[in-house]
Amino acid sequence: QLQLVESGGGLVQPGGSLRLSCAASGFSLENFGIGWFRQAPGKERQGIACISYGDGTYYSDSVKGRFNISRGNAKNTVYLQMDSLKSEDTGVYYCAADLRAIRCTALLRKRTGYNYRGQGTQVTVSS
């Protein structure tokens, strides 16, 4: 079955770190642009990070300097390293993949129509 699966979420104290994984099952992410999104309770979905088909990266202002997106060596996983976490980072994080997406801003603006989208993983930042 072709799908994206997120993992690595959990409960962490403010200032802590987590690494989220977006793993493709049954296919390679090598030819895809990948976006990470965050949905907090009562708030709109926010596109926070992206790695394009050409490996360009983009971060929202809210996470720039704290989060890092990268591809794994096995080409079927994309990671989101999250450092210096804040309470406002709490939410459900999910990834989405678009074939040969070279413009991160466009990928993060889309609401529907991704080639693949995961179900999400919960991140809670609280003391």
Side-chain angles (χ1 to χ4, degrees):
Q1 185 177 1
L2 304 180
Q3 60 181 349
L4 286 180
V5 179
E6 301 93 339
S7 62
L11 173 64
V12 63
Q13 291 186 342
S17 297
L18 285 174
R19 188 175 80 158
L20 304 184
S21 298
C22 172
S25 176
F27 66 103
S28 169
L29 291 176
E30 193 171 11
N31 295 324
F32 289 81
I34 307 298
W36 278 99
F37 302 83
R38 175 169 70 200
Q39 180 80 59
K43 295 187 177 180
E44 284 199 4
R45 184 198 77 157
Q46 182 185 17
I48 58 171
C50 168
I51 186 164
S52 72
Y53 169 55
D55 286 344
T57 57
Y58 170 90
Y59 302 92
S60 68
D61 287 343
S62 62
V63 306
K64 196 175 297 181
R66 301 187 297 121
F67 290 12
N68 185 71
I69 188 170
S70 62
R71 294 185 186 271
N73 291 333
K75 307 296 185 185
N76 68 339
T77 305
V78 168
Y79 299 103
L80 184 67
Q81 176 67 40
M82 307 189 297
D83 298 322
S84 303
L85 283 161
K86 306 174 181 180
S87 58
E88 51 262 45
D89 294 319
T90 294
V92 176
Y93 286 67
Y94 66 92
C95 58
D98 248 6
L99 185 64
R100 296 190 179 89
I102 60 173
R103 294 175 59 195
C104 274
T105 50
L107 189 155
L108 293 177
R109 268 203 304 268
K110 284 178 64 171
R111 293 287 170 179
T112 60
Y114 296 102
N115 293 115
Y116 301 97
R117 178 191 149 166
Q119 293 300 307
T121 184
Q122 175 70 42
V123 171
T124 302
V125 185
S126 175
S127 55

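Scope of the values below: all heavy atoms of this structure, side chains included, with no hydrogens, waters or symmetry mates.
Summarising the geometry of Ser52 relative to Cys104, their closest heavy-atom pair is N-SG, 3.8 Å, with the distance given to 0.1 Å. Looking at every heavy atom in both residues, Gly72 comes nearest to Tyr79 through CA-CE1, 3.6 Å. Of all non-hydrogen atoms in Gly120 and Val92, the two that sit nearest each other are CA-CG1, 4.0 Å. In plain terms, the two heavy atoms of Arg71 and Gly33 that are nearest each other are NH2-CA, 4.4 Å. Nearest heavy atoms, Val78 versus Ile51: CG1-CG2, 4.2 Å. Heavy atoms only, all atoms of each residue included: Ser60 and Gly47 are closest at CB-O, 3.7 Å.
When hydrophobic clusters are built by joining Ile, Leu, Val, Met, Phe, Trp and Tyr residues whose side-chain heavy atoms come closer than 4.5 Å, directly or via intermediates, Val5 is not grouped with Leu2. Tyr59 is connected to Trp36 through a chain of hydrophobic side-chain contacts under 4.5 Å among Ile, Leu, Val, Met, Phe, Trp and Tyr, so both are in one cluster. Under a hydrophobic-cluster definition in which Ile, Leu, Val, Met, Phe, Trp and Tyr are linked whenever side-chain heavy atoms come within less than 4.5 Å, directly or via other members, Leu4 and Val123 are assigned to the same cluster. Residue Ile69 is grouped with residue Tyr116 when hydrophobic side chains (ILVMFWY) are merged at heavy-atom distances under 4.5 angstrom, including chains of intermediate members. Under the 4.5 Å side-chain heavy-atom criterion for grouping Ile, Leu, Val, Met, Phe, Trp and Tyr, Val12 is connected to Met82 within one hydrophobic cluster.
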Working for side-chain hydrogen bond (donor to acceptor under 3.5 Å, both in side chains), residues Arg45 and Tyr94: CA-CA 10 Å; Arg45 184 198 77 157; Tyr94 66 92; 3.2 Å; yes
Before you tell me yes or no, could you show the steps for Tyr114 and Leu107 under side chain to side chain contact (heavy atoms under 4.5 Å, CB included), namely the whole-Å CA-CA distance, both residues' side-chain angles and the distance that decides it to 0.1 Å? CA-CA 9 Å; Tyr114 296 102; Leu107 189 155; 4.1 Å; yes
Begin with the C-alpha distance, continue with both residues' side-chain angles, and end with the deciding distance and a verdict on side chain to side chain contact (heavy atoms under 4.5 Å, CB included) for Gln122 and Thr90. CA-CA 8 Å; Gln122 175 70 42; Thr90 294; 4.1 Å; yes
Steps toward side chain to side chain contact (heavy atoms under 4.5 Å, CB included) verdict (Ser126, Leu11): CA-CA 7 Å; Ser126 175; Leu11 173 64; 4.2 Å; yes
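With salt bridges taken as basic N to acidic carboxylate O contacts below 4.0 Å, none links Asp89 and Lys86.
Applying the side chain to side chain donor-acceptor pair (under 3.5 Å) test to residues at least two apart or on different chains, the pairs with a partner in residues 14-30 are Ser17-Asp83.
In this structure, Cys22 SG and Leu29 CG are separated by 6.0 Å, a value rounded to the nearest 0.5 Å. How far CG of Leu85 is from CG of Leu18: 5.5 Å, rounded to the nearest 0.5 Å. To the nearest 0.5 Å, atoms CZ (Arg117) and CG (Asp98) are separated by 12.5 Å.
Between Glu6 and Leu20, the closest side-chain pair of non-hydrogen atoms is not below 4.5 Å. Residues Phe27 and Asn76 form no side-chain contact, since every pair of their non-hydrogen atoms from C-beta on lies 4.5 Å or further apart.
Distance alone, capped at 3.5 Å, places no donor-acceptor pair between the Tyr58 side chain and the Arg103 backbone. Looking only at distances, no side-chain donor or acceptor of Arg38 sits under 3.5 Å from a matching main-chain atom of Gly91.
Heavy atoms from other residues, nucleotides or ligands lying under 6.0 Å from CD of Gln119 number 12 at most. For Leu99, the CG atom is densely surrounded, since the number of other residues' heavy atoms within 6.0 Å is greater than 12.
Aromatic ring pairs are classed by plane angle as parallel below 30°, tilted from 30° to 60° and perpendicular above 60°; the pair Tyr93 and Phe67 is tilted.
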